[in-house]
Amino acid sequence: MEIVVFAIISVVATVCAIFVISHRNPVSSALFLIATMVSLAILFLTLNAPFLAAIQIIVYAGAIMVLFLFVIMLLNLRKDEFGPERKRAQRFFAILFGFLFLILIATAIDVGLSTVGNPEVSTTKLAPAGVEMLAELLFTKYLFPFEIASVLLLVAIVGAVVMAKRKL
Amino acid sequence: MSMVPLSSYLILSAVLFTIGVLGVLVRRNILIIFMSIELMLNAVNLALVAFSREFGSADGQVFVFLVMTVAAAEAAVGLAIIICLFRNRKSVNVDDSNLMKW
């Protein structure tokens with residue numbers, strides 16, 4: 001069951017991600033990015049992280065992408081303002097080094113998994129089971145980062161208003 | 001119920017991350033470069049959640065939660081910068097804004 005879901009979703013996520021970077025129109029890119037995020041949310045569900053799946057859809061696919069679409073609308077770009085894309089040679093080398101980078105990460109994953117070995121828990125565990133454990137960690141072990149995150153969000157709000165406003 | 005091995009999730013995460021890197025390298029539209037950065041953050045989130053299940057602890061999920069918070073803050077500030085840049089240069093092409101000061 002999980003394998004079937006994973007196979008379908010991984011193909012959908014990869015294809016949508018490729019469309020994100022290859023589509024000319026930023027609005028289409030944003031919509032494909034939403035599709036990628038929703039498919040990742042489904043993967044989070046199969047990975048026993050329902051809270052993160054919900055947050056992924058509400059915060060990422062909801063809030064952040066709506067912000068993106070608002071900015072695209074605000075800039076009101078015409079076709080000729082998209083500008084020319086990179087030159088052929090540059091694109092060729094970018095794709096070449098991208099593949100080399102992928103091989104590098106894949107090798108690192110392979111070496112890492114073979115030296116560390118598969119953990120013993122992997123066969124018995126049926127996941128930390130969701131929200132309760134996450135909440136407990138968030139308010140005990142990770143209380144300080146949690147509070148810092150709220151300060152970060154406040155600073156981000158102030159920074160965004162200061163920068164985007166024409167006259168203060 | 002058969003489980004998908006950790007390595008499959010990590011490879012998918014690596015592929016998505018590489019697509020994000022490619023987007024930053026290939027595209028000139030600053031909005032799409034920004035979306036590629038979001039794509040990379042999402043790829044890392046997937047790896048963290050996969051590790052969290054593999055090791056049977058929720059710590060990875062807490063990290064993902066914090067990464068999402070940082071991503072939201074980054075999106076707000078980044079898009080404000082893009083609006084500022086567009087107001088000054090009348091362009092979203094990164095090659096038109098390659099000087100820190102003029």
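These numbers come from the heavy atoms of this one structure, side chains and all, not from hydrogens, waters or symmetry mates. Note on naming: letters A, B, ... go to the chains in the order of the sequence lines (proteins, then strands), and numbering restarts at 1 for each one. Only a predicted model underlies this, so the values are computations on that prediction, with no experimental measurement involved.
Hydrophobic cluster membership differs between B:Val24 and B:Val70, with clusters built from Ile, Leu, Val, Met, Phe, Trp and Tyr side chains linked at under 4.5 angstrom. Cluster annotation: B:Val4 and A:Val11 are assigned to the same hydrophobic cluster (Ile/Leu/Val/Met/Phe/Trp/Tyr, side-chain heavy-atom contacts under 4.5 Å, transitive). A:Phe97 and A:Ile18 are members of different hydrophobic clusters when ILVMFWY side chains are connected at heavy-atom separations under 4.5 Å. B:Leu66 and A:Ile55 fall within the same hydrophobic cluster, defined by Ile, Leu, Val, Met, Phe, Trp and Tyr side-chain heavy atoms under 4.5 Å apart, directly or through other members. The hydrophobic cluster containing A:Leu143 does not contain A:Val151, counting ILVMFWY residues as joined when their side-chain heavy atoms lie under 4.5 angstrom apart, directly or transitively.
With chain B as the partner, the residue from A:Ala108, A:Ala30, A:Ala7 showing the most heavy-atom pairs under 4.5 Å is A:Ala30. Per-residue counts of heavy-atom pairs under 4.5 Å with chain B were compared for A:Leu52, A:Leu153, A:Leu67; the largest is that of A:Leu52. No other option in A:Ile148, A:Leu74, A:Leu137, A:Ile105 has as many heavy-atom pairs under 4.5 Å with chain B as A:Leu137. For the set B:Ile83, B:Thr69, B:Val62, B:Val77, the entry with the most heavy-atom pairs within less than 4.5 Å of chain A is B:Val62. Interface summary for chain B: among A:Val155, A:Val5, A:Val59, A:Thr14, the most heavy-atom pairs under 4.5 angstrom belong to A:Thr14. Of the listed residues (B:Leu22, B:Val15, B:Leu41), the greatest number of heavy-atom pairs within a distance under 4.5 Å of chain A belongs to B:Leu22.
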request  = Given side chain to side chain contact (heavy atoms under 4.5 Å, CB included), test B:Leu25 with A:Phe101 step by step and report yes or no.
outcome  = CA-CA 12 Å; B:Leu25 290 177; A:Phe101 183 69; over 6 Å; no

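Aromatic pair A:Tyr142/B:Phe63: ring centres closer than 6.0 Å.
Interface remark: A:Ala17 contributes backbone and side-chain atoms alike to the contact with chain B (heavy atom separation under 4.5 Å). Looking at A:Ser10, the atoms closer than 4.5 Å to chain B (heavy atoms on both sides) sit in the backbone and in the side chain alike. Neither the backbone nor the side chain of B:Ala47 comes within contact range of chain A; no heavy atom of the residue lies under 4.5 Å from a heavy atom of that chain. Using a 4.5 Å cut-off between heavy atoms, B:Leu12 contacts chain A through its side chain alone, with no backbone atom that close. Contacts of B:Ile19 with chain A are made by both backbone and side-chain atoms, with heavy-atom separations under 4.5 Å. Heavy atoms of B:Asp96 lying under 4.5 Å from chain A are absent altogether. In this structure, the portions of B:Ser8 lying under 4.5 Å from any heavy atom of chain A include both its backbone and its side chain. Heavy atoms of B:Leu31 lying under 4.5 Å from chain A belong to its backbone as well as its side chain. When heavy atoms are compared at a cutoff of 4.5 Å, B:Ile11 approaches chain A by way of both its backbone and its side chain. When heavy atoms are compared at a cutoff of 4.5 Å, A:Ser22 approaches chain B solely by way of its backbone atoms N, CA, C and O. For chain A, the nearby parts of B:Tyr9 are the backbone and the side chain; heavy atoms of each come within less than 4.5 Å. Interface residue B:Ser36: only side-chain heavy atoms are found under 4.5 Å from chain A. Heavy atoms closer than 4.5 Å to chain B are found in the side chain of A:Leu33, but not in its backbone.
Using a 4.5 Å cut-off on side-chain heavy atoms (C-beta onward), B:Ile82 and A:Phe68 make no contact. At a threshold of 4.5 Å between non-hydrogen side-chain atoms, the residues B:Gln61 and A:Phe51 do not count as touching. No side-chain heavy atom of B:Met35 sits under 4.5 Å from any side-chain heavy atom of A:Phe32.
Distance alone, capped at 3.5 Å, places no donor-acceptor pair between the B:Arg53 side chain and the A:Ala49 backbone. Under a 3.5 Å cut-off, the side chain of B:Arg27 and the backbone N or O of A:Ile21 do form a donor-acceptor pair.
Closest heavy-atom contact between A:Ile109 and B:Ala14: CD1-CB, 4.2 Å. In plain terms, the two heavy atoms of A:Gly98 and B:Thr18 that are nearest each other are O-CG2, 3.2 Å. The minimum heavy-atom distance linking B:Gly56 with A:Met133 is given by the pair O-CE, 4.5 Å. Closest approach of A:Leu134 and B:Ala58 over heavy atoms only: CD1-O, 4.1 Å. What you find for A:Ala94 and B:Val26 is that their closest heavy atoms are CB-CG2, 3.6 Å. Between A:Ala160 and B:Ala76 the shortest heavy-atom distance is CB-O, 3.8 Å.
The CD atom of B:Glu74 sits 7.5 Å away from the CD1 atom of A:Ile64 when rounded to the nearest 0.5 Å. A distance of 5.5 Å separates CG of A:Leu40 from CG of B:Leu46, quoted to the nearest 0.5 Å. The CG atom of B:Leu79 sits 10.5 Å away from the CE atom of A:Met163 when rounded to the nearest 0.5 Å.
Inspection of the B:Asn42 and A:Gln56 side chains reveals an N or O donor paired with an N or O acceptor under 3.5 Å.
Applying the salt bridge (Lys or Arg N to Asp or Glu O under 4.0 Å) test to residues at least two apart or on different chains, the pairs with a partner in residues 140-160 of chain A are A:Lys141-B:Asp59.
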